[in-house]
2 protein chains.
Amino acid sequence: MQLLNRNELRERIVISGLKATQQRIVVYEALVQQHGHHPTAEEVYQLLKPANPSISLGTVYKTLDSFVETNLIRRVLSEESGKRYDANTMAHSHIYCSNTKEIIDYEDAELEQLLTDFFRKRNMENFEIKSFAVQLTGNKKEPGKQIRISQVPK
Amino acid sequence: MQLLNRNELRERIVISGLKATQQRIVVYEALVQQHGHHPTAEEVYQLLKPANPSISLGTVYKTLDSFVETNLIRRVLSEESGKRYDANTMAHSHIYCSNTKEIIDYEDAELEQLLTDFFRKRNMENFEIKSFAVQLTGNKKEPGKQIRISQVPK
DNA sequence: TCTCAAATAAGAATTTTTCTTATCTGGATA
DNA sequence: TATCCAGATAAGAAAAATTCTTATTTGAGA
């Protein structure tokens with residue numbers, strides 16, 4: 001990602017649907033500059049504090065949340081913080097519903113096979129792959145009902 | 001997953017390399033019974049407390065961590081807990097190194113295309129897919145050096 | 001059964017995140 | 001440009017999540 005100047009940053013924030021306040025601009029700027037680094041809210045706060053001594057950690061949290069809501073930025077999938085556990089160690093994927101916050105198992109042998117084959121053909125230098133996972137993010141249309149994913153009969 | 005009796009649970013714990021204590025057995029049992037539910041440590045604790053009033057939350061945390069370490073269970077990838085943020089909203093995957101805890105961007109147009117095509121052919125009932133992500137988990141062989149993933153010239 | 005390294009309970013401490021409230025500000029409007 | 005106000009922020013309290021400490025207990029090998 002190319003570096004963006006303040007006006008470009010401002011514009012993106014506005015386009016996403018938020019007021020371009022000073023705090024939001026510097027938070028977004030920090031995140032763009034940290035491209036590839038996936039900082040935490042705390043880390044963003046520490047980055048900003050020297051040049052913005054009056055910014056508060058609460059604002060950083062709130063700002064990042066707003067950005068995620070307007071799809072200006074994303075949360076990175078992580079097992080690091082590791083809140084949720086699963087006894088099923090077989091390869092399987094997960095569906096995440098943004099509305100209900102549910103994480104639903106999604107077993108799709110064809111998908112696993114496709115990816116296994118794909119990664120078998122990739123040459124990994126300095127990395128030993130132990131597992132892979134796919135996560136689908138989206139929304140249930142009817143929260144009460146089940147999700148069903150099937151092959152389209154072609 | 002089929003239900004397991006206490007002896008089967010005990011055996012799996014031992015095979016994974018841990019002493020089969022009473023607490024570990026009931027924690028593992030709870031997790032197996034919650035198949036598909038991905039409970040948090042707190043939730044496991046609440047499930048166990050009625051029948052095991054003396055178990056402590058700290059033990060549940062520690063036990064789950066041990067299980068993850070021996071690969072008896074997994075942590076579920078999650079953006080819910082959402083510690084880390086990324087300004088790059090283009091479709092891209094992440095590589096997670098268990099050793100260094102790094103999350104490294106992995107852009108692979110071919111992989112994205114493969115999955116886009118795949119999901120286009122799937123019929124989703126009651127789910128509107130907004131995005132998907134792949135995460136590779138594994139280890140850097142040489143922590144200092146970069147990872148490089150390339151196509152095998154066939 | 002005895003022994004002891006390892007595991008646990010209890011709760012303190014720390015860290016992370018959210019909430020509350022008084023104050024401030026971006027930008028719409030006059 | 002000055003005024004206004006809904007929405008944003010700072011500060012810090014509060015809550016929630018996680019880790020740590022220490023005395024006690026326990027599983028399993030001798």
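Chain letters run A, B, ... following the sequence lines, proteins first and then strands; every chain starts at 1.
End-to-end axis angle for the helix from C:dT1-D:dA30 to C:dA30-D:dT1, using five pairs per end and rounding to 10°, comes out at 40°.
Comparing D:dT9, C:dT17, D:dT18 by their nearest atom to the side chain of A:T63 picks out D:dT9. Considering only side-chain atoms of B:A20, the nucleotide from C:dT17, D:dT9, D:dA28 that sits closest is D:dA28. Of the candidates D:dA10, C:dT17, C:dG27, the closest approach to any side-chain atom of B:K83 belongs to C:dT17. In this structure, the nucleotide among C:dA9, D:dT19, D:dA28 sitting nearest to the side chain of B:S54 is C:dA9. For A:Y61, whose side chain is taken as the heavy atoms from C-beta onward, the closest listed nucleotide among D:dT9, C:dA9, C:dT16 is C:dT16. Each of C:dA9, D:dA28, D:dG27 was ranked by its minimum atom distance to the side chain of B:Q23; first place goes to C:dA9. In the set D:dT9, D:dG27, D:dT19, D:dG27 carries the atom at the smallest distance from any side-chain atom of B:K19.
Contact annotation: A:T59 side-chain N/O to D:dA10 OP1/OP2 distance is under 4.0 Å.
Distance alone, capped at 3.5 Å, places no donor-acceptor pair between the B:H35 side chain and the B:Q33 backbone. Within the 3.5 Å criterion, the main-chain N or O of B:I149 finds no donor-acceptor partner in the side chain of A:R122.
Nucleotide D:dG27 holds its P atom 7 Å from the CD atom of B:Q22, rounded to whole Å. Note: NZ (B:K62) to P (D:dT22) measures 16 Å, nearest angstrom. To the nearest angstrom, C1' of C:dA5 lies 14 Å from CG of B:L18. Taking atom CG of residue B:L48 and atom C1' of nucleotide C:dA9, one finds them 14 Å apart after rounding to whole Å. Regarding A:I13, its CD1 atom lies at a distance of 12 Å from the P atom of C:dG26, rounded to whole Å. Rounded to whole Å, atom C1' of D:dG27 lies 10 Å from atom CZ of B:R24. Between the CG atom of B:L57 and the P atom of C:dA12 there is a distance of 14 Å, rounded to whole Å. Atom-to-atom, OH of B:Y45 to C1' of C:dT8 comes out at 13 Å; the value is rounded to the nearest Å.
Scored by the salt bridge (Lys or Arg N to Asp or Glu O under 4.0 Å) test, B:K62 finds no partners at all (sequence neighbours excluded).
The 5' end of DNA chain D is approached more closely, in terms of each residue's nearest nucleotide, by B:D65 than by the other of B:V14 and B:D65. The residue among B:E42 and B:T21 whose nearest nucleotide of DNA chain D lies closer to the 5′ end is B:E42. Projected onto DNA chain C by closest heavy-atom contact, A:T40 and B:S56 fall at different nucleotides, the more 5' of which corresponds to B:S56.
In this structure, A:F119 and B:Y106 have tilted ring planes: the angle between them lies in the 30° to 60° band.
The residue A:I55 sits close only to the backbone: its heavy atoms come under 4.0 Å of sugar-phosphate atoms, none of a base.
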B:H37 and A:R84: CA distance, side-chain angles, deciding distance, side chain to side chain contact (heavy atoms under 4.5 Å, CB included) verdict = CA-CA 9 Å; B:H37 283 233; A:R84 297 192 172 275; over 6 Å; no
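Salt bridge absent: A:K141 and B:E128 never bring a charged side-chain N and a carboxylate O closer than 4.0 Å. At a threshold of 4.0 Å, the pair A:D86-B:R75 does not count as salt-bridged, since none of the basic side-chain nitrogens sits closer than that to a carboxylate oxygen.
Rounding to the nearest 0.5 Å places CG of B:N71 at 8.0 Å from OG1 of A:T89.
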